[in-house]
Each structure stands twice: as structure tokens, then as C-alpha cells.
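In what follows, a single structure is set out as C-alpha cells and then discussed.
When a residue number appears, it is its place in the shown sequence, counting from 1.
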Amino acid sequence: MKRPLQYIVLLLLLTESLPATPMDASDWTYIPIDDAKQKWGDWDKPEWLRYFGLDFGDVDRDGNIDIVSGRYIYHNPGGSMEKPWPRTVLDDNVDAIFAIDADGDPHADIIAQALPNIYWYEALDEEGTRFSRKVISTIPPTGHVNSQGFEKAQILSGGLLELVIASNGNIYCIAIPEDTDSAEKWPTHLIARNTSDEGIGVGDIDEDGDLDIACGRRPEGENEPLILVWYENPGNVKGPWQDYVIGRTEKPIDRVELGDLNGDGHLEIVLSQERYPGLEPDGKLLWFSRQESIHQEWEKHSIVTQYSMNNLDLADIDRDGDVDIITNEHKGPRLETQLWMNDGQAHFTKHVLDTGKENHLGTQFVDLDGDGDLDVAGCAWDHYRWMHVWRNDAVKSLSEGSIVRKPRRTATAVAEKKLGEQREKLRATRTVYEETPHFVVYTKTATYYYDIKGGGFSRIIDRYGNDWVSFKRNPWGQYPASAASAFRGLPNCVWNGHDDGAGHPGHSKCTSRLRGNRIITQSLSGKWRWSWEFFDDHAVLDVAKADPERKYWFLYEGTPGGVFEPANSYFGTSNGGPSSEQPDFYGGRVLGDRFQWMYAGNKDVKTVLYMLQLQEDNLTDVISYLGNSESGIQSENGMTVFGFGRTTDTKPLLTGPNRFVIGFYPESITDASQHVKFAEYLKQRFIKK
């Protein structure tokens, strides 16, 4: 979550020659860079879970520091930073916690958690808009699935930084190998036992030249961390390290940071307390000073008692030579973002930077605009859709010539133009998904995962990160359980017979090759051949050859908006819509009629997936929902079933060559007038006569 120690030292060097500056609210400009961020629980269980990650780095290599949080990358527009921040959404529901340089190449690297897995995302382009993914380590999940305590730190002397992560009552250290490409897993060591999963502070507590760790611990029989401890680095990662109790608190320890607060040349420890549900202002901001021996309990000092503080960072924000504190009230009526200014002797005065902006593991110091002072970035929990930036404008009030803004390596306008151009180009690469080789095709509105041997899509991801197919390999071939996994796909053409599974992800009945903006697929038997042609906002399937002795269908079986929610879903067809009907496939109810086109949507998502058959016919097409249990549409998981050329009792009807279109319409369709507007959109683009 934090920048490495070397980065902090660099910031201090950049600012130490600048005159001290007051930090009033008028010195800051608030910039809301996102108000539509989704949460972990929008895609995976538990539904209430949010993201914890927040880190910074030049992901797109344009000279501006970008923000990484959850599955999102926010591309800094540069300049005043008040222009829109373009957003890249990672293909998977992961919580990105580190922006690093793992392999020394020109492309960015991101470390993300979806515990028990730790992933390395390596950018495939300098713009940082598409990534490959690899599992580099596994550590136990927490009660919140993912960790809330993580740091980049030079635990071992020399080499690259290590990744320190608290999880399931222990702390792990992941070392970056010299050869990241050939290393199957990155070396992972348990270095501290009996800790919380909350904040980690890193610093040289015993002043022996290596970095130690401070964090919270749960007393025996307790669920909350009420003991502050530090772990002594023995100079290697052989654990567990020796631990020493610093002190005890009455309320749970959340964030932990280290810094020299009183100017005595030694590190003190600062912590903020979490209060849940946080209805009362009874959380403390505390700091601990060492006594004669660092191995004995330290002296406890209180700065303030107020509402829950799940945020903390330290830096010399006013450039007067001492360490100041920033925190934010995570609960309460004012949600104050507070700077606690240090007089050099650990006496603190509160300055309110802003109010009404909730943060959680946020309020982190970072120089986002490259002007030599520290700005602030934050992410939220209760108001999780918001990403915050506060630009530090204090330098603007200094006398002319007192600071020279660093020149941009790339002008803002050029960077924005380059990023836009790259995103509009069709790009493709190879990857492995669900243990199977895939082509990944990137377009302006969607990312398509195409199973090379299966001949069908296992994932179709919209620009918001929602996977509308969500194929999983297991459970395999179980009715109805596989409605949550292996039944999913598109176009799922061939059913039964020698070529059963051709066109369906997870099967191995095809070969595929990539040519320009087309994927060409042929069945191993040679009886089937089709191709997909990709455009910015749609893709066209051309079935050029079909087995004359076997009929087929064009079928979408997937998750509109990324989830199975019949009660929150809707659909429409060339016969009318939108409709909120919930036909239950398992219960024997399937809507059958003749449709030229159909669409599926989710009420919480601002787009719909549509399918269009370019040649009209008189065959039956179907719509239904299949749950993954005997509970039918009330099942916890399942899929939507849309199909051209299929009877209501599951028989294929299509023969010979055919052409189909799929794509994302960039609006939701919530009433009849919007349905008519969408119908006109299709007519003008694809149904011209």
C-alpha cells in the first residue's frame, strides 16, 4: 500500500530545501477521479466486501504517477489533474495492492491479491491497458478474504524490494526472483506469527541496518488486535522472527506507521484505532515512544479521541523538518480529513483538509502532479464508489521562482492522444485461462477470451470489468450444477455427435488461428468452419461450413452484467421489451418464438449484450434462466440461456452457412422508448434493406 523507504527519502530530498508552508483547507483542491468504482462483492462472495488496495506508479509510462486500487488503474491526465482520469479495469476480480517494477522491462507490473492466490500482472503494452496474469504465490485467506496489511520493503539487503503481506494471523514475505519469467512461484516465507490482518509498519526499530516490522496482535481468546508488537529482523527471511510487546490498547489497532516524531533520532510508532460499527467517537490516534530498552513496553501517548480512523500516513507535509500525520474519520457526521501538524517535539495541531469524504485504507501521501510537494489520494469503504485526490496547492502561494515545476517527459495532450489511439486499435495476444490456451482480443468496448481448442468464448468482458460469460471448468458436465461453470459459453454450436462441443469453451474439438482482426476456427473432423471478425463495438460470426448431417444452434449461456441475478435482469427481442419475466429452465419454462435479435441486461449495469441473426428464418429461438440447483431461478448461481435455432425442448435447428453479430450497446434499456431507440440502432447498422 505504501511507497518503499527509498521513495520517501527521495521525496524528503526533493522538498527539504523548500520553505515551510501552512496547510489550511484553502491550500488544497479536491478532485473526484471516480464515482462509479464497483466493489469486490459485485462479482464474488461475500457481497459486502470492498477492495483494500491503493498504490502508485507510472503504469502507462507517460511521466505521470497513476493510481492502482482494487481491479482499477486510474491513468493520471497530468497538468492540474482535473481532466478525466481514464480508467483501465483488470479482467479479473482481484485487489491490486502493489505497483512495482518486477522484471526491469519497459512495461508496468502490478501485484494483486484474490486470496489464497497472489498474482503478478505484467503489462503487455507501455500504455498499461492490457495485462498477462500469473499466480506467483499462495497464502491463506483472511476473514475478509483479502489482506488489509501490506508493504513494499527492503527486508533483505540488496536486490529488489520484498512484498510483505499480513494474512490469517501471520505475516509473509514474498521475494521477487532474479528471473521472473522462468520462476514458477516466487519465494514466500512466513516471518511473523500471531499477528492481525490489519496495518503493518516497517522501519529500523533496533537501528541495526535492516527493517523491522510493527503491527497489531489479538490477545488469546479475542477477535480484535489489542496488543502492539514489533518483530526483529534477523537479517534474513528465516522465520518466525522474534517478537516484543510494545503496549496494549483498549480498542482495536488498525493502521500502523513508523517515524521520528520527537526529533530524538529514534523511530516512534503511530497507530489509529478502528471502531465498528463506529457509532461513537471513541477511537484513538496514539503514538508510542521507546524506553531505555526497546525490548520492554513503550510509553503510550494520545493525540486525539474521535470516530474510527482506518487511515494513516506520515510525512513532512509542511517542509519544516519534522514528521506530520494524516488520517481520516471513517465514521461519524463530519468525516474529517485531518492533517496533524508536528511542532518537532511530537505536539500536534489539527488542520482540517476537507470534510464529508469517507476513506478506508486511504489518505496516502504521494506527489501526483510532480511539482515537488505531496498530494493526497484516498479510497473508501462505505462510499466505495468514490476515488479521491487532493492536490496540494501550497506551492502556488510561494514567492515566484521559489520552486520550478519538473518538466513532463511527455506533454499531457500528447499522452492523452497516445492513450486514446492505443485503446482504439484492435489488439490480440495469447494467454491461458482455466488451464486452456486462449486468444485475448482487445477492442474499444470489450475484451474477448477465445478458447483456441474449444472454438468459443469463455469470457466477454465489458469496459466496466463485467464478465458476461464467466466460464469455469468445474464442475464439469453436471446438470444443473454446471450452469455455474462448464455449461457457459458462446456460441456453443455443436451438441452431440462426433463433434460434440465444437464451438464451446473447455472442449478440444477445434483448431483456431489468428489472422488480422479475425479468428478462424475449424473442427478437427473438418466438417465445421467458422470465423469471427472483430470491430470496435461488435464482432461478426460467419459460419462458412456446417456438417450437412447435423443441425446446430447459436447459443449464449452466461451471466448478464457478470452475475446470475434473474430478479435483477431483463431482456428484449425483436418482438418487444424490455421484459423482466423469469422463465425457469429447470422448472420446464422456456420462452420460444422467432426473433431476429435479442439483448440481455442487468439493472445495475450501464450496457447490454445483444445478439443478431443476419439471415431471417422461421425457426424457433429461446430465452430462459437455468439455476445450478433444484431451486431453479432461486439458485445462488446459474446462467442466462439465449439461443437462435433451438426448440423449447432442447433440439438444434440451424443448418448450413449463417452469420451472427454480438456486441455491447452503450446504454441500459429500461423502458419501451429506449427499446425502440435500440431497435433503430440495430436497424441502421445491420438490418439495412
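Enclosure of atom CG in D179 by more than 12 non-hydrogen atoms of other residues, nucleotides or ligands within 6.0 angstrom is indicated. For K251, the NZ atom sits in a packed shell: over 12 heavy atoms of surrounding residues, nucleotides or ligands are nearer than 6.0 Å.
For the atom pair I174 CD1 and L163 CG, the distance stands at 5.5 Å (nearest 0.5 Å). Atoms CG and CG, from D322 and D316 in turn, are 5.5 Å apart once rounded to the nearest 0.5 Å. Here the straight-line distance linking atom CD of E162 with atom CG of L211 works out to 9.5 Å at 0.5 Å rounding. To the nearest 0.5 Å, atoms CG (L368) and CE (M81) are separated by 5.0 Å. Between the CZ atom of R255 and the CD1 atom of I200 there is a distance of 9.0 Å, given to the nearest 0.5 Å. In this structure, CG on N194 lies 9.0 Å from CD on E220, to the nearest 0.5 angstrom.
Between the side chain of Q364 and the main chain of L312, a donor-acceptor pair closer than 3.5 Å is present. Under the 3.5 Å distance criterion, the side-chain polar atoms of E222 are left unmatched by any main-chain donor or acceptor of L226. When atom types are taken as modelled, the side chain of D375 and the backbone of D367 share no donor-acceptor pair closer than 3.5 angstrom. Not a single donor-acceptor pair under 3.5 Å links the side chain of H388 to the backbone N or O of V376. Judged by distance alone, the side chain of N328 and the main-chain N or O of N359 form a donor-acceptor pair under 3.5 Å. A donor-acceptor pair under 3.5 Å links the side-chain atoms of K300 to the main chain of R248, judged by distance alone. With hydrogens and angles ignored, the 3.5 Å screen pairs a side-chain donor or acceptor of D313 with a backbone N or O of F365. Here the side chain of S485 pairs a donor or acceptor atom with the backbone of P475 at under 3.5 angstrom. When atom types are taken as modelled, the side chain of S137 and the backbone of W186 share no donor-acceptor pair closer than 3.5 angstrom. Remark: the backbone N or O of T195 is not paired with any side-chain donor or acceptor of R217 at under 3.5 angstrom.
A donor-acceptor pair shorter than 3.5 Å can be found between the side chains of H330 and E358. Checked by atom type, the side-chain pair D212/Y244 shows no donor-acceptor distance below 3.5 Å. In summary, the side chains of Y121 and D92 do present a donor paired with an acceptor at a separation below 3.5 Å, with no hydrogens or angles considered. Side-chain atoms of Y449 and D91 form a donor-acceptor pair, as typed in the model, at a separation below 3.5 Å. When only modelled atom types and interatomic distance are considered, W43 and N466 share a side-chain donor-acceptor pair under 3.5 Å. A donor-acceptor pair shorter than 3.5 Å can be found between the side chains of K37 and S69. Checking S167 against D197 by side-chain atom types alone, no donor-acceptor pair falls below 3.5 Å.
Counting heavy atoms from C-beta on, the side chains of T327 and E257 never come closer than 4.5 Å. Residues N117 and L115 fail the side-chain proximity criterion, which asks for heavy atoms closer than 4.5 Å. The shortest distance between side-chain heavy atoms of T447 and R459 does not fall below 4.5 Å. I326 has its side chain out of reach of Q338: every pair of non-hydrogen atoms, C-beta onward, lies at least 4.5 Å apart. Looking at heavy atoms from C-beta onward, I155 lies in side-chain contact with V237 at the 4.5 angstrom threshold. Residues W241 and N233 form a side-chain contact, since some pair of their non-hydrogen atoms from C-beta on lies under 4.5 Å apart. Side-chain contact check for T429 versus S132: every heavy-atom pair is 4.5 Å or farther apart. Using a 4.5 Å cut-off on side-chain heavy atoms (C-beta onward), E274 and S308 make contact.
Considering every non-hydrogen atom in both A377 and V366, the closest pair reads CB-CG1, 4.5 Å. Across every non-hydrogen atom of E126 and P106, the tightest pair is OE2-CB, 3.9 Å. For the residue pair E268 and W298, the shortest heavy atom distance occurs at CA-CZ3, 4.5 Å. Considering every non-hydrogen atom in both L267 and I205, the closest pair reads CD1-N, 4.2 Å. The shortest non-hydrogen separation linking E198 to P225 is CG-CG, 4.5 Å. Between I213 and I191, the closest heavy-atom pair is CD1-CD1, 3.6 Å.
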Show your working on side chain to side chain contact (heavy atoms under 4.5 Å, CB included) between L161 and I100 and close with a plain yes or no. CA-CA 9 Å; L161 297 172; I100 64 171; over 6 Å; no

Between H75 and W85, does the ring-ring contact (aromatic ring centres under 6.0 Å, His included) criterion hold? Intermediate values first, please. CA-CA 5 Å; H75 299 269; W85 289 57; 9.3 Å; no

Assess the residue pair W230 and Q242 against the criterion (side chain to side chain contact (heavy atoms under 4.5 Å, CB included)); give the C-alpha distance rounded to whole Å, side-chain angles, the decisive distance to 0.1 Å, and a yes or no. CA-CA 8 Å; W230 76 277; Q242 179 63 49; over 6 Å; no

Does D44 form a side chain to side chain donor-acceptor pair (under 3.5 Å) with N93? I'd like the steps, not just the answer. CA-CA 8 Å; D44 287 307; N93 189 27; 2.7 Å; yes

Begin from the C-alpha positions of I171 and F150 and carry the test side chain to side chain contact (heavy atoms under 4.5 Å, CB included) through to its verdict. CA-CA 9 Å; I171 293 178; F150 31 85; over 6 Å; no

Side chain to side chain contact (heavy atoms under 4.5 Å, CB included) between I303 and W287: does it pass, once the steps are laid out? CA-CA 8 Å; I303 298 174; W287 67 280; 3.7 Å; yes

Run T88 and R130 through side chain to side chain donor-acceptor pair (under 3.5 Å) and show every step you take. CA-CA 8 Å; T88 293; R130 55 193 181 101; over 6 Å; no

Which is it for Y450 and H438 under the ring-ring contact (aromatic ring centres under 6.0 Å, His included) test, yes or no, and what are the steps along the way? CA-CA 5 Å; Y450 192 82; H438 279 66; 8.3 Å; no

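R193 and D243 are not joined by a salt bridge, as no carboxylate oxygen comes within less than 4.0 angstrom of a charged side-chain nitrogen. In summary, D95 and R71 do not engage in a salt bridge, as defined by a charged side-chain N under 4.0 Å from a carboxylate O. Taking a cutoff of 4.0 Å between a charged side-chain nitrogen and a carboxylate oxygen, R427 and D125 qualify as a salt bridge.
R430 forms no cation-pi arrangement with F439, by the criterion of a distance under 6.0 Å to the ring centre and an angle within 45° of the ring axis.
A ring pair (Phe, Tyr, Trp, His ring centres under 6.0 Å) with H360 holds for exactly one of Y384, Y51, W381, Y276; it is W381.
Under the 6.0 Å cut-off for aromatic ring centres, H144 and W40 do not qualify, their centroids lying 6.0 Å or more apart.
Scanning for salt bridge (charged side-chain N to carboxylate O under 4.0 Å, His left out) contacts around E207 gives R290, with sequence neighbours left out.
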